[in-house]
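This report refers to the structure that appears directly beneath it.
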Number of protein chains: 2
Amino acid sequence: MADHSNEFFTVRGYTMQNQDNQKLTSGMEDYLEMIFRLCGEKGYTRMSDLAGALNVQPPSAHKMVKKLAKGNYLNYEKYGLIHLTPAGWELGKELLARHQTLEKFLRLVGVSANILEDTEKIEHNISKETLECIFHFVRYAEINPHWISEFQSYKQNKQP
Amino acid sequence: MADHSNEFFTVRGYTMQNQDNQKLTSGMEDYLEMIFRLCGEKGYTRMSDLAGALNVQPPSAHKMVKKLAKGNYLNYEKYGLIHLTPAGWELGKELLARHQTLEKFLRLVGVSANILEDTEKIEHNISKETLECIFHFVRYAEINPHWISEFQSYKQNKQP
DNA sequence: AATTAGAATTAGATGCAGCTAACATTAATA
DNA sequence: TATTAATGTTAGCTGCATCTAATTCTAATT
């Protein structure tokens with residue numbers, strides 16, 4: 001049971017360690033999160049909407065959807081609509097919440113451009129613990145606006 | 001000159017957009033950062049030390065080193081030692097600093113396990129702006145210990 | 001100096017996620 | 001209904017980063 005917590009790995013290395021343990025790849029997470037967003041209104045979404053929303057070509061979306069279907073996150077039949085299963089819905093909800101927590105956090109510390117991109121990059125595979133810590137941070141900052149604004153005004157004076 | 005700042009992409013999508021602009025891949029960054037660490041003491045490092053430090057097999061390290069050599073980040077001849085070029089040294093220093101900023105940040109918000117792993121995951125390709133914001137946050141927290149400890153003690157009461 | 005042990009390299013395979021081009025299906029319209 | 005337009009699928013290629021197995025080179029030991 002090697003304990004790797006003090007060892008370095010490349011990004012790829014971490015990915016591979018997690019792939020065993022039933023987790024989704026970053027790519028799958030991206031898709032599932034977006035499918036959840038798109039399903040929000042109508043309860044379903046289409047291949048082309050998904051591809052369009054993620055700026056990806058339809059064949060790429062198609063492959064991923066088949067993969068997610070095999071993992072029982074959604075139901076899909078050829079030429080049909082994409083419907084999340086309860087499991088997919090749950091996970092999608094979590095993924096979106098995670099995304100939003102990180103986005104809020106970035107805004108709090110003053111990021112203004114590239115928020116979407118940076119959120120996207122950070123959100124995958126950060127540990128539950130880290131997410132929780134950031135979540136608490138965001139929560140605390142929301143409850144105590146004066147507290148975070150201390151920092152924010154310091155920062156504003158730093159950079160004109 | 002498409003402006004994509006409000007559009008969604010998958011992680012892969014963002015990676016590809018940046019690949020054009022002469023930047024290093026995450027993998028290359030991981031290696032360069034580690035090479036910089038390892039060179040610190042002796043001024044050079046070896047293939048096997050590098051592979052060992054990153055928990056990767058020698059052939060993987062070998063390929064990457066050749067790539068970095070082609071990009072003029074280091075000098076390497078067959079069976080020889082790995083020496084950073086001035087450019088590689090500069091960049092390596094930056095990468096390590098980035099890593100340390102993120103690591104400090106995670107500690108400040110209370111992350112204790114998996115720090116290394118999460119830092120690794122976050123550090124690649126977050127924008128300069130985000131890094132700067134986090135840097136200022138860390139700096140402010142260091143200068144004003146009472147400020148951050150307000151949050152920390154709130155958090156401690158939350159989770160026993 | 002010859003042999004052996006340890007490092008480094010090459011070759012070739014794998015998996016992920018993207019793409020284009022070509023083909024198939026469904027839906028809309030004339 | 002027949003044709004066309006729009007969507008979806010399949011096949012096959014690319015690039016990145018990993019691996020194993022086999023080979024080559026260097027260094028150490030006798």
Side-chain angles (χ1 to χ4, degrees), chain A residues 4 8-20 23-35 38 44-71 74-83 120-121 124-125, chain B residues 4 8-20 23-35 38 44-71 74-83 120-121 124-125:
Chain A
H4 292 129
F8 281 86
F9 291 87
T10 61
V11 169
R12 204 76 161 205
Y14 288 122
T15 306
M16 296 191 145
Q17 281 173 254
N18 290 336
Q19 232 64 314
D20 319 332
K23 277 187 197 164
L24 303 187
T25 62
S26 315
M28 289 162 84
E29 288 187 351
D30 281 333
Y31 279 86
L32 193 50
E33 185 187 319
M34 185 53 82
I35 292 167
L38 296 173
Y44 65 83
T45 189
R46 287 166 197 290
M47 208 44 95
S48 57
D49 293 342
L50 179 57
L54 288 172
N55 278 281
V56 141
Q57 296 305 311
S60 308
H62 183 258
K63 250 187 209 173
M64 213 40 136
V65 165
K66 278 204 316 190
K67 230 182 184 179
L68 288 168
K70 186 171 289 180
L74 52 81
N75 295 123
Y76 185 67
E77 286 165 29
K78 272 192 188 179
Y79 302 100
L81 301 171
I82 298 167
H83 288 275
E120 192 65 58
K121 296 258 188 62
H124 301 288
N125 309 87
Chain B
H4 292 129
F8 281 86
F9 291 87
T10 62
V11 168
R12 204 74 160 208
Y14 287 123
T15 304
M16 297 188 146
Q17 282 174 250
N18 290 334
Q19 232 66 311
D20 318 333
K23 276 190 197 165
L24 303 187
T25 62
S26 316
M28 289 163 85
E29 288 187 351
D30 281 334
Y31 279 87
L32 193 51
E33 184 187 318
M34 184 53 81
I35 291 168
L38 295 174
Y44 64 83
T45 190
R46 286 167 198 290
M47 209 44 95
S48 56
D49 292 343
L50 179 58
L54 288 172
N55 279 282
V56 142
Q57 294 306 309
S60 309
H62 183 259
K63 249 187 210 172
M64 214 40 136
V65 165
K66 280 205 312 190
K67 232 183 182 178
L68 289 169
K70 186 171 289 178
L74 52 82
N75 295 122
Y76 185 68
E77 286 166 27
K78 272 191 187 180
Y79 302 100
L81 299 172
I82 299 167
H83 288 276
E120 191 66 56
K121 298 259 190 59
H124 300 288
N125 310 86

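First the proteins, then the strands, lettered A, B, ... as listed; each starts at 1.
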**Prompt:** Is A:His62 near enough to D:dT9 that one of its side-chain N or O atoms lies under 4.0 angstrom from OP1 or OP2?
**Reply:** yes
**Proximal nucleotide (of C:dA17, D:dC19, C:dC19) relative to the B:Gln57 side chain** = D:dC19
**Item:** Heavy-atom check, side chain of B:His62 versus side chain of B:Met47, under 4.5 Å
**Value:** yes
**Asked** Over how many whole Å does the gap from B:Met47 atom CE to C:dT10 atom P extend?
**Response** 10 Å
**Prompt:** Which residue, A:Arg46 or A:Val11, contacts DNA chain D at a nucleotide closer to its 5' end, judged by nearest heavy atom?
**Reply:** A:Arg46
**Message:** If you compare every side-chain N and O of B:Ser60 against the phosphate oxygens of D:dA17 (OP1, OP2), does one of them come in below 4.0 Å?
**Reply:** no
**Prompt:** So which one's nearest nucleotide on DNA chain C is more toward 5', A:Gly27 or A:Lys78?
**Reply:** A:Gly27
**Message:** By nearest atom, which of the nucleotides D:dT9, D:dT18, C:dT9 is closest to the A:Arg12 side chain?
**Reply:** D:dT18
**Item:** B:Val11 vs A:Glu29 side-chain heavy atoms within contact, under 4.5 Å
**Value:** no
**Prompt:** Below 4.5 Å, heavy atoms only, C-beta onward: do B:Met28 and B:Leu32 meet side chain to side chain?
**Reply:** no
**Complete:** Whichever of A:Tyr79 and A:Tyr31 has the more 5' nearest nucleotide on DNA chain C, that residue is A:Tyr31
**Message:** Without decimals, in angstroms, what is the distance between B:Lys66 NZ and D:dA17 C1'?
**Reply:** 14 Å
**Request:** Among C:dG12, C:dC19, C:dT9, find the nucleotide with the atom closest to the side chain of A:Lys63.
**Result:** C:dC19
**Fill in**
Closest to the 5' end of DNA chain D, once A:Gly80 and A:Thr10 are matched to their nearest nucleotides, is A:Gly80
**Prompt:** What distance do B:Lys66 atom NZ and B:Leu74 atom CG have between them, rounded to the nearest 0.5 Å?
**Reply:** 13.0 Å
**Request:** Look at B:Tyr76 and C:dT9 and indicate whether a side-chain polar atom (N or O) is within less than 4.0 Å of OP1 or OP2.
**Result:** yes
**Message:** Is the phosphate of C:dA7 approached by B:Ser48 (side-chain N or O, under 4.0 Å from OP1 or OP2)?
**Reply:** no
**A:Phe8 and B:Glu120: CA distance, side-chain angles, deciding distance, side-chain contact (heavy atoms from CB on, under 4.5 Å) verdict** = CA-CA 8 Å; A:Phe8 281 86; B:Glu120 191 66 56; 4.2 Å; yes
**Complete:** D:dT30 -> Watson-Crick or G-U wobble partner, both distances under 3.5 Å, gives C:dA1
